[in-house]
There are 4 protein chains.
Amino acid sequence: MGSTPRRGDTRQRIQDVALELFAEHGYEKTSLREIAEQLEVTKAALYYHFKTKEDIVLSLFQDLGRPMDELIAWGEQQPRTLETKQELLRRYSAAMDIGEPLMRFVQENQATVRELSIGQIFKNRMLAMSALIRDPEAPMVDQVRSVTALFCMHARMFALQTVEGDPEDKREAVLEVALDLLTQAHASSSTHG
Amino acid sequence: MGSTPRRGDTRQRIQDVALELFAEHGYEKTSLREIAEQLEVTKAALYYHFKTKEDIVLSLFQDLGRPMDELIAWGEQQPRTLETKQELLRRYSAAMDIGEPLMRFVQENQATVRELSIGQIFKNRMLAMSALIRDPEAPMVDQVRSVTALFCMHARMFALQTVEGDPEDKREAVLEVALDLLTQAHASSSTHG
Amino acid sequence: MGSTPRRGDTRQRIQDVALELFAEHGYEKTSLREIAEQLEVTKAALYYHFKTKEDIVLSLFQDLGRPMDELIAWGEQQPRTLETKQELLRRYSAAMDIGEPLMRFVQENQATVRELSIGQIFKNRMLAMSALIRDPEAPMVDQVRSVTALFCMHARMFALQTVEGDPEDKREAVLEVALDLLTQAHASSSTHG
Amino acid sequence: MGSTPRRGDTRQRIQDVALELFAEHGYEKTSLREIAEQLEVTKAALYYHFKTKEDIVLSLFQDLGRPMDELIAWGEQQPRTLETKQELLRRYSAAMDIGEPLMRFVQENQATVRELSIGQIFKNRMLAMSALIRDPEAPMVDQVRSVTALFCMHARMFALQTVEGDPEDKREAVLEVALDLLTQAHASSSTHG
DNA sequence: AATGAATGAGTCTTCATTCAT
DNA sequence: TATGAATGAAGACTCATTCAT
């Protein structure tokens, strides 16, 4: 009584709660008991919907990771121009907003993720993005610039928490810096390379 | 027979093995049994040297985190000039080399670290570094540049693993990019702000 | 599509699969999930046909154990002669062929069967057969011979697996040995007793 | 109070209780909780002495199965004469007395044992004994006789429970029947073969 | 300086069973 | 004639921790 016993959406609700707790306290420290309690179901109910604890994480990746996969697929069919890369960053920034809790989970549980079956999946995604944005022939400094452009967008999620300001402002500022870095990488490369 | 029974350095050896395993498999997934087994002592022996599991981590921070604390202390006594900040980045880069395993541990176990007693310690360090390098009055983009300058040095530890090249070259390239970002932040700030 | 959806024989199919799995992996280690999966139905479907897991076993005994019950009933109405006992062995040998999987199940899950409701049923059957074949007044050696005559037929099912040869040959050989034992028991008894 | 807290013999006591319960209720139905409760220790204490539940069974085999292994070793170094085989049966009968609870456990948990790591060990023992006692060149009936001679000794443990009489008398009677069977196997073989 | 033995709390997981549909 | 969703009880096992020696 009180909360309406929602039907058919249990699987979804498990995913939501699990992701939240995994990101908050870490994968290992989050027990299935906790998840179940928060949902007011039994542990066994979780097992009706997911084969194992790890399976929950896997499903999160499959469901929430799609935007990123699509972005990579898109990128791979574009010409390797500066414009493409810029657009890539813009879309990455947007994708990170949607998949934010998942991203945070990965960021904060790297050691764990690496040992989970999704570890490889995630690593491959990173490799693919990296390959799209940098030019392996360019001087090291420029490769670093490109990778940093990508990587610094993650900074939003924790390094920038210390900085005051509107989240949307931050997002834009980060994107601007990233695009800058990318431009510099290109300018220099076309000169030196 | 066979292995020399080292004397008096057990405490040190525990720290070494623990840090390695914590960084490798994560804090939660590393059991005291594992640590003890790798050292060929009993679990109880660990308790002779450390009060709790968390205590091991704490000791690691106290012993390996000193360079960073000293860096902050140094920074706080310098004038807030561009030169100071540049030197800060240079020293940070060096400090990261020494405390690398510890840094990796923190990077890869953020969710866990946050819930450990060292969480606050570490967060304070980050805040202090952030305060030293950025100017809270500057436009957001420049603050982002400064923070990114600091933050991107961590990229070395995993984002840049996908890039081929000599580690020392990478270190220098990263530092160069970081210094660049810092300079841009300043140039722009003095103009706009 | 593909597999014909058999109608009306589900109960039978459950029994078949269950007996096979019970005999193969043991009663306790065989879960209703496994049975259901192998039949491509849900666990709940099993409960439409049987009240409990134990009920499946019970039904197996009722359906497959009839030959043995009939044999006992027949034996009890015959005169207690050597010829009767010989015929008993012959029919037992035949009955064991039909009820083989059930017999194997019992053989291999004695500890379990004893604690199931069929335990008593089965024990009674054994007692009845034993009572039919041996003479409680005869010397111990002869009683042992008689019981062994009965008991050794079970040997076929596992002790004789190590012996090469045609199954039918084995069956006959075993029967011959059993009949021999019986004859010896009688010869000696009529002399000594 | 009441029971003296015995020291150092915990491992042994675990084995004793475990074997008793395994034989009584079956391996699967016996939980570690039960064993622990009967010993008035915690489940975790069992894990200090044995790595897994299966490990307890394994240790029982290693400790209690030795007589049987020694018997096989002895048999393999004797000439393949009738006398040897007779002695084999006599010693087998004696060995079965010592290892009786273990034997009962195996008898009554065949399905389980087969899936445990000891399954193979035990099967090999059976094969070895079988190989020692029968002559693969002899006619099938005689091979059956030999195998039955061996096998019928197990009858004592359950088939003969229905027969009244002193256990020692039974033991002797069974042995006599077994030796008889063996002699018959030989007599016939040397004539026919 | 360290061990052997043990504990209590908790983990993930599986199972037989139920019931509304 | 079944299924989808769920439960309560229990299972094996692991862990950090303690303490007498």
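Computed from a predicted model, the values in this text were never measured in an experiment. Note on naming: letters A, B, ... go to the chains in the order of the sequence lines (proteins, then strands), and numbering restarts at 1 for each one.
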- Donor-acceptor contact below 3.5 Å, side chain A/K43 vs main chain A/E34: no
- Message: Between P on F/dA12 and CD1 on D/I14, what's the gap in Å once rounded to a whole number?
- Response: 14 Å
- Item | Residue matched to E/dA20 through Watson-Crick or wobble contacts both under 3.5 angstrom | F/dT3
- Task: Look at the side chain of C/R33 and decide which nucleotide, out of E/dT7, F/dT3, E/dC15, has an atom nearest to it.
- Result: E/dC15
- Just name whichever nucleotide pairs with E/dA1, Watson-Crick or G-U, keeping both distances under 3.5 Å, else none. none
- Distance below 4.0 Å between A/T10 side-chain N/O and F/dA6 OP1 or OP2: yes
- Message: Checking contacts here: which listed nucleotide (F/dC13, E/dT17, E/dT11) is nearest the side-chain heavy atoms of C/K43?
- Response: E/dT17
- Task: Starting from C1' on F/dA16, measure out to CG on B/L46 and report it in whole angstrom.
- Result: 11 Å
- Protein-nucleotide distance (B/R13, atom CZ; E/dA2, atom C1'), rounded to Å: 13 Å
- Query: Expressed in angstrom and rounded to an integer, what is the separation of D/I35 atom CD1 from F/dC13 atom C1'?
  - Reply: 14 Å
- Query: Out of curiosity, C/L19 CG to C/D63 CG, how far, rounded to the nearest 0.5 Å?
  - Reply: 11.0 Å
- Message: Given F/dT17, E/dA1, E/dT3, identify the nucleotide with an atom nearest to the side chain of B/Y47.
- Response: F/dT17
- Task: Return the value, rounded to whole Å, for the distance between atom CD of C/E40 and atom C1' of F/dT1.
- Result: 17 Å
- Query: Within the distance-only criterion (no hydrogens, no angle test), does the side chain of B/Q110 pair as donor or acceptor with the backbone N or O of B/Q107 below 3.5 angstrom?
  - Reply: yes
- Task: Using atom CD of C/Q12 as one end and atom P of F/dT1 as the other, report the distance to the nearest whole Å.
- Result: 15 Å
- Task: Using a cut-off of strictly less than 4.0 Å, decide whether B/Y48 has a side-chain nitrogen or oxygen near OP1 or OP2 of E/dA1.
- Result: yes
- Looking only at side-chain atoms of A/T52, point me to the closest of E/dT13, F/dT17, E/dT3. E/dT13
- Query: Under 3.5 Å, side chain of C/T30 to main-chain N/O of C/L21, donor-acceptor pair present?
  - Reply: yes
- The answer to which of A/K51 and A/E34 contacts DNA chain E further toward the 5' end, by nearest nucleotide, is A/E34
- Please determine if a side-chain N or O atom of B/H49 lies less than 4.0 Å away from the OP1 or OP2 oxygen of E/dA2. yes
- D/F50 CZ to E/dA6 C1': how many Å, rounded? 15 Å
- Query: Would a distance-only check, ignoring hydrogens and angles, find a side-chain to backbone donor-acceptor pair under 3.5 Å from C/E115 to C/T112?
  - Reply: no
- Quick note, B/A44 side chain, CB onward, closest among F/dT18, F/dA12, F/dG4 is F/dT18
- Item | Residue whose nearest DNA chain E nucleotide is more 5′ - A/E28 or B/A45 | B/A45
- Does the side chain of A/S31 get closer than 4.0 angstrom to OP1 or OP2 of E/dT11 through an N or O atom? yes
- Query: Whom does E/dG8 pair with, Watson-Crick or G-U wobble, provided both distances fall under 3.5 Å?
  - Reply: F/dC15
- Write down the distance between CZ (B/F22) and C1' (F/dA16), rounded to a whole number of angstrom. 12 Å
- Item | Gap between atom CD1 of A/I56 and atom OH of A/Y27 - 0.5 Å precision | 7.5 Å
- Checking F/dT7, E/dA6, E/dT3 against the side chain of B/V41 (C-beta onward), the nearest is E/dT3
